[in-house]
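This report concerns only the one structure given below.
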Protein chains: 2
Amino acid sequence: MRNPSDAPTPPSDELGPVEPTGTKLQIIEAALSTLRSEGYAGASARAIARSGGFNQALIFYHFGSVRNLLLAVLDLISQRRMQAYAAAFEGADTAAELAALAQRIHADDLRQGYITVLGEMVAGGITDGELGAEVAARIEPWITMVEHKITRLLRGSPLAALAAPRDLAFGLVALYFGADMLGHLQRDQARPESLLQLATRLSVLIDAITPARPRGQT
Amino acid sequence: MRNPSDAPTPPSDELGPVEPTGTKLQIIEAALSTLRSEGYAGASARAIARSGGFNQALIFYHFGSVRNLLLAVLDLISQRRMQAYAAAFEGADTAAELAALAQRIHADDLRQGYITVLGEMVAGGITDGELGAEVAARIEPWITMVEHKITRLLRGSPLAALAAPRDLAFGLVALYFGADMLGHLQRDQARPESLLQLATRLSVLIDAITPARPRGQT
DNA sequence: GTCTATACTTGGATAGAC
DNA sequence: GTCTATCCAAGTATAGAC
């Protein structure tokens, strides 16, 4: 369990959450894996400890409760996704580029089960107000990020009159989330993928009626 | 618990599921209520029995297992929604009428918690293959229904070239599902509603570029 | 068809040894 | 910081009286 190369979490000048290391990280990873394979209902302290090969009591020592641990899982996922995509997302200047990026992200999400885990936490959060608020707070940055991108992307476009960027952003996130969830129910049909292809085709139309701007301009 | 006016389920000439009555119905309603307020993870035999004021053992006598009972809840919901909306849905001939109907259905779903319950079952089904297949089978009719409507609605429209009706139908159902789920996470923001308003505005555009046809024509 | 009682398993959480 | 041992609440499911 112990990893000798891991010093205790070093002091950090940055505000906000720090990526956990050592044992805490191992526990979070085990929880992620369990949440993914067993769901929210099956993510018990014992199941997580079994999956990670460590003692059940460690969860309560390091996180206080199973719930806190599961929220730490969401934090880890959020940080990793942000780190992996924020730059590419910022750099995408056309709808077509964004559609291509969405395909890449979706492939990752499928492989890592990120949205599956998020979905389990959303399901848990709907019937548990406090948990729900925490989960919502962890989704919010993604909606905001999409909203800002839409605002810049549609500046000067006739499409801008259609809807508030915030509503569009919420809709896109909800669509992505819903399609991933429903897509997992039966393996064979692979329908989220056909939606991404549709997005690619639509992006061409959107770019066609939207004025281009110099790359990187905000 | 017993309801003297309920004869044992009468023989039926119809194929397919029959709406349960008497004790079975009471148990299903209690399970629906519990699933809604406690979620999939909290919908135990004991919790359901407590909510309905009957004995826990009855669940196993009538349904064999908690899982079967929860599937019966989905069946009941599906039947009720179908009965309530199938006629109005069939009769809607324009995108605008469909958008208005969607608003009505959404108001009902919110009040009854239907999508909340569905979401909990989807979350359960993602990590349980057998359950997932059963849940998927109960969502399928709704996708098909939307698909057929789209096919007829877009006949002769330039929009028909954009995407396969099946993909659009899956996308609309996924969007509706995802927006409802995420919308429940934090009470205040009420964002699914703004999406429905967006749908209303879009429906006007869609109808404008789509040839009208005589009412009721398929 | 319904209830009581019970067997057995699993869960969250903690105390205290190491 | 980690492990063993344990308490106690809650879970599924069944047997058998009524």
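Throughout, a chain's letter reflects where its sequence line sits, starting with A, and its residues are numbered from 1.
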Closest to the side chain of Thr23(B), out of dT14(C), dT2(C), dG11(C), is dT2(C)
Using whole Å, what does the distance between atom C1' of nucleotide dT2(C) and atom CZ of Phe63(B) come to? 15 Å
Per Gln56(A) side chain, nearest of listed nucleotides dG1(D), dT4(D), dT14(C): dT14(C)
Find the distance Leu25(B):CG to dG1(C):P and express it as a whole number of Å. 14 Å
His62(B) side-chain proximity, nearest of dT2(C), dA13(C), dA13(D): dT2(C)
Looking only at the side chains, is there a donor atom on one of His184(A) and Thr116(A) sitting less than 3.5 Å from an acceptor on the other? yes
Take the protein atom CG of Asn55(A) and the nucleotide atom C1' of dC18(C), then report the distance between them rounded to whole Å. 13 Å
Taking only Lys NZ, Arg NE, NH1 and NH2, and the carboxylate oxygens of Asp or Glu, determine whether Arg67(A) and Glu134(A) approach each other closer than 4.0 Å. no
Selection from dT2(D), dG1(C), dA13(C) that lies nearest to any side-chain heavy atom of Phe60(A): dA13(C)
Quiz question: by atom type and distance under 3.5 Å, do the side chains of Tyr114(A) and Asp180(A) form a donor-acceptor pair? no
With a 4.0 Å cut-off on N to O distance, would you call Glu90(B) and Arg152(B) a salt bridge? yes
Whole-Å distance between dT4(C) P and Tyr61(B) OH? 17 Å
Leu70(A) has an atom CG; how far is it from atom C1' of dG11(C), in whole Å? 14 Å
If you look at every strand shown and take non-hydrogen atoms under 4.0 Å, does Ala57(A) touch a base, only sugar-phosphate, or nothing? base
note: Leu58(B), atom CG; dA15(D), atom C1'; distance rounded to Å ~ 15 Å
No-hydrogen, no-angle side-chain donor-acceptor test under 3.5 Å, Glu140(A) and Thr144(A): yes
Starting at NZ of Lys24(B) and ending at C1' of dT2(C), how long is that distance when rounded to a whole Å? 15 Å
For Arg67(A) and dA13(C), give me the distance from atom CZ to atom P, rounded to whole Å. 10 Å
According to a strict under-4.0 Å criterion, is Ser44(B) in side-chain N/O contact with OP1 or OP2 of dG11(D)? yes
Does the side chain of Arg50(B) get closer than 4.0 angstrom to OP1 or OP2 of dG11(D) through an N or O atom? yes
